[in-house]
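The block underneath contains the structure these notes are about, expressed in structure tokens.
Read the numbers this way: they start at 1 and go in the same order the structure lists the ligands and their atoms. On a predicted model such as this, the values are computed, not experimentally measured, just so you know.
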Amino acid sequence: MKRILIVGAGGQIGTELVPHLQKNYGEDNVIAADLKPQMVEKLSKIAIAESVDALNAEGYAALVKKYKIDAIYNLVALLSATGEKNPQLAWQINMGALLNSLNIAKEFKCSLFTPSSIGAFGPNTPHYKTPQDTIMRPNTIYGVCKVTGELLSDYYFTKFGVDTRSVRFPGIISYGALPGGGTTDYAVEVFYYAKAGRDYTCEVPQDAYMDMIYMPDALEATTQLMEADPSKLVHRNSFNIASMSFTPEEIFAEIRKRCPDFKHTYNIDPVKAAISASWPDCMDDTPAREEWGWNPKWNLSRMVDDMLLHVLPDALFGAQ
Ligand code: SER
């Protein structure tokens, strides 16, 4: 059985990827690592947890050696809106963690998954049914890191044979752990407000279409791609994956169908407005469907039902 290391495991994706991988590969074969002590503490309740600074190559490599790791999932990244507040730090963290992951994967012959994002696209990308292979000139530091990461990961595959694979995640919607600092975060936060009976103030323009995905589909995509037959992969870094695309008005209307008293208003953040306008409205994911069988199961309506069922407002507001 494969032994897996997840770095940056305490965040929105890692919190749910850890149990998902445990189910697929066995509890003892998944090592969850994070930099922040409170995250390591939280992870230690569900998995073998380790403290690691992904920017410290020696410590990172020691962990891979200690557990005889076969596959690395590198989830370390500052998201788009946070990145714009401190671009140098975003570059340092996002690229530092990726470069170390690539070099360690090369040295220890591990496969490597690093998420890319809709943020890899930019204002002059075709926005409707954005093709897999198209113009990519993002104007955020997050996007610049993602495009660079895609290119570097493909380079390590062709030059050194490192088994690198990746998907361009849409905004991920989930109730396990809150995202932080992303432009798509509104589509998660709003559920906490609706369920707590509070009004929600949205910072993203009402008509901004962006691709979104529900966490179960995001997890399935990750493991499906990592298990895909390499001979079928024409692309590697990174695949468009799509399942739903909506505007703030559309998701708020779906929520209001179930919570008739829910109210929202807008206080537009110009940075988030510019970022959302530069990203695709909806991506074409044909290559992912053809090359490794991507087939999402969740749509907007079912996702809203499930989120409202599971979200615990206390996680955001404390006990009411
Ligand atoms: N969810 C991310 C963000 O909004 C995009 O991948 O930054």
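Annotation: atom 1 (N) of ligand 1 to nearest protein heavy atom, T184 OG1, 2.8 Å. The protein heavy-atom contact nearest to atom 7 (O) of ligand 1 is S80 OG, 2.6 Å. Of the protein's non-hydrogen atoms, the one nearest atom 6 (O) of ligand 1 is S117 OG, 2.6 Å.
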Check your understanding: Which is it for H310 and F191 under the side-chain contact (heavy atoms from CB on, under 4.5 Å) test, yes or no, and what are the steps along the way?
Key -> CA-CA 10 Å; H310 289 103; F191 286 100; over 6 Å; no
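Neither the backbone nor the side chain of Y186 has any atom closer than 4.0 Å to an atom of ligand 1 (non-hydrogen atoms only).
Interface of L79 with ligand 1, defined as ligand atoms under 4.0 Å from a residue heavy atom, comprises 7 (O).
Some N or O of T183 is nearer than 3.5 Å to an N or O of ligand 1, by distance alone. Considering backbone and side-chain N/O of D185, none are found under 3.5 Å from N/O of ligand 1.
In plain terms, the two heavy atoms of D284 and N240 that are nearest each other are O-ND2, 3.1 Å. Looking at every heavy atom in both residues, Y192 comes nearest to S174 through OH-O, 4.5 Å.
Side-chain atoms of D211 and C282, non-hydrogen and from C-beta on, do get closer than 4.5 Å to each other.
Defined by atom type and a distance below 3.5 Å, a donor-acceptor pair is present between the side-chain atoms of S301 and R258.
One distance of note links CD1 of I213 with CD of E220; it measures 10.5 Å at 0.5 Å rounding.
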